[in-house]
Asker: 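Here you go, one structure.
Chain A is the first sequence line, chain B the second, and so forth, proteins listed ahead of strands; every chain is numbered from 1.
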Protein chains: 2
Amino acid sequence: MALRHAVLAALLDGEYSGYQLAKAFDVGVANFWHALPQQLYAELTKLEKEGLVAGRQVVQETRPNKRLFRVTDAGRAELERFAAAVSKPSFIRDDLLVKVHTADRIGTAPVIEQLEERASAAEAKIELLGKLLRQLRGDADEEEFLRRGERIGPYLTCLRGLAFEQEHRDWCLRIAVVLKERQSTHAER
Amino acid sequence: MALRHAVLAALLDGEYSGYQLAKAFDVGVANFWHALPQQLYAELTKLEKEGLVAGRQVVQETRPNKRLFRVTDAGRAELERFAAAVSKPSFIRDDLLVKVHTADRIGTAPVIEQLEERASAAEAKIELLGKLLRQLRGDADEEEFLRRGERIGPYLTCLRGLAFEQEHRDWCLRIAVVLKERQSTHAER
DNA sequence: GCATCATACTCAAGAAAATGACTAGTCATA
DNA sequence: TATGACTAGTCATTTTCTTGAGTATGATGC
């Protein structure tokens, strides 16, 4: 029971279909959770059965029909309960880091390549988040927005995501340089 | 098949028992993977069955006997294969971030408290990692060590962990301040 | 005019991870 | 002298996540 709260949190600001939610889990929500569409559909079904979200059918002419979900009062209460409970510590889980750990014991060339790819991906995400943040805060500057904005929750998690991506990009690039230099000077493997 | 590579990577630098490995997964290895002791024991059993690690019984007088594992050539080959394969993108998954996302929709007081606790925990981890890094690089300064050190893999992942924790601490503290200020000025919920 | 992308989902199977309960001896401490 | 922490694990169950395949329609691009 962990994805459920991420879904409830994502659903706090309006009605979304499973499909739209899946999109959200690719950008903004990705800053605090990750899930595939199938999981979201399944979770929404469960949440509805438990009365934490309510869905309604929307008939569309030119597109397939869809079901829009919103958080119920029971769902809000569940989030309240969740917010007050202890959090599990967060942790990193990353294939690429595992590979870097083996660097200088195992061939490094493919790892260097992946570090650079990852850095580009992070760069792209940084731009995306920059845009999202500007959009969320409208005209106001950040300080101002954080003090007086109506809804800062999503903004705050995007800030965390942005910092994470920047840090990740910098680390990837630095490590790639370090490994490359060692490759040329040591001339090993 | 994901934990397996983390275990193999952790086991690259010597022989460890499941118990010792569990300790390592609480500090250094935690920078790229996380697992409970039970998972490690189970994974070691599987890896041994597949010949990727080899275990040997060590009889102890004053402590329970233990089994020490090392990576076999087949295990090293598996890591090689893994290093060359594409990596899944890394992602954050954090209860606390979910809670922050709901901030200003759901009661913030408990979240502020948790942010501060989390910041202290991060601080402790930062110190721990600082010590670990100094220990890993010995006398050399960082630049020097990264250029000429024998084994830099674990050092690099610790650097990533350190950056992550520092940033996490800074973010937690900043968000706590932001939420507190809003609490007093808005005087809502 | 054909291919691919976008919307909007569902179903099933399997792999991986998390949880909880248990064993059993040693050591330090209050 | 009991209390709890440390070493060193095992076993079983449940939950969660991932993978892969499939359905159906309309719009867009070459």
Asker: List for me each residue that meets side chain to side chain donor-acceptor pair (under 3.5 Å) alongside B/His5, sequence neighbours excluded, and say none if there are none.
Answerer: B/Glu78
Asker: Which nucleotide sits closest to the side chain of A/Tyr19: C/dA6, D/dT18, C/dA18?
Answerer: C/dA6
Asker: Think A/Lys23 has a side-chain N or O under 4.0 angstrom from the OP1 or OP2 of C/dT7?
Answerer: yes
Asker: Roughly how many Å is it from CZ in A/Phe91 to C1' in C/dA18, rounded to a whole number?
Answerer: 10 Å
Asker: Rounded to whole angstrom units, what separation is found between the NE2 atom of B/His34 and the C1' atom of D/dC17?
Answerer: 16 Å
Asker: May I ask you to decide whether A/Asp141 forms a salt bridge with A/Arg134, counting only side-chain N to carboxylate O separations under 4.0 Å?
Answerer: no
Asker: Expressed in angstrom and rounded to an integer, what is the separation of B/Tyr16 atom OH from D/dG9 atom P?
Answerer: 15 Å
Asker: Has A/Tyr41 got a side-chain N or O lying under 4.0 Å from the OP1 or OP2 atom of C/dT10?
Answerer: no
Asker: So does A/Arg56 pair up with A/Glu15, basic N to acidic O under 4.0 Å?
Answerer: yes
Asker: Only pairs at least two apart or in different chains count here, so list each salt bridge (Lys or Arg N to Asp or Glu O under 4.0 Å) that has a residue in residues 62-72 of chain A.
Answerer: A/Glu48-A/Arg67
Asker: Taking CG from A/Leu40 and C1' from D/dT18, how many angstroms apart are they, rounded to a whole number?
Answerer: 13 Å
Asker: When you measure from every atom of DNA chain D, which of residues 42-70 of chain B have a heavy atom less than 4.0 Å away?
Answerer: B/Gln60, B/Arg63, B/Pro64, B/Asn65, B/Lys66, B/Arg67
Asker: With sequence neighbours left out, what residues match B/Gln39 under side chain to side chain donor-acceptor pair (under 3.5 Å)?
Answerer: none
Asker: Would you kindly give the CZ-to-P distance between B/Arg4 and C/dA17, to the nearest whole Å?
Answerer: 10 Å
Asker: Write out all pairs satisfying ring pair (Phe, Tyr, Trp, His ring centres under 6.0 Å) with one or both partners inside residues 122-160 of chain B, taking only residues at least two apart or from two chains.
Answerer: B/Phe145-B/Tyr155
Asker: Please state how far atom CD in B/Gln39 lies from atom C1' in C/dA18, giving the value in whole angstrom units.
Answerer: 6 Å
Asker: Name the closest nucleotide to the A/Leu36 side chain, picking from C/dA18, C/dA17, D/dT18.
Answerer: D/dT18
Asker: Does B/Arg93 reach a base, just sugar-phosphate, or nothing at all? Heavy atoms under 4.0 Å.
Answerer: sugar-phosphate
Asker: Is the distance from OP1 or OP2 of D/dA8 to the nearest side-chain N or O of B/Gln20 less than 4.0 Å?
Answerer: no
Asker: Please determine if a side-chain N or O atom of B/Ser17 lies less than 4.0 Å away from the OP1 or OP2 oxygen of D/dT7.
Answerer: no
Asker: Please identify each residue that fulfils salt bridge (charged side-chain N to carboxylate O under 4.0 Å, His left out) with A/Lys180, with sequence neighbours left out.
Answerer: A/Glu116
Asker: Quickly work out the B/Leu21 CG to D/dT7 C1' distance and round it to whole Å.
Answerer: 15 Å
Asker: Does B/Gln38 make a side-chain donor-acceptor contact with the base of D/dG9, cut-off 3.5 Å?
Answerer: no
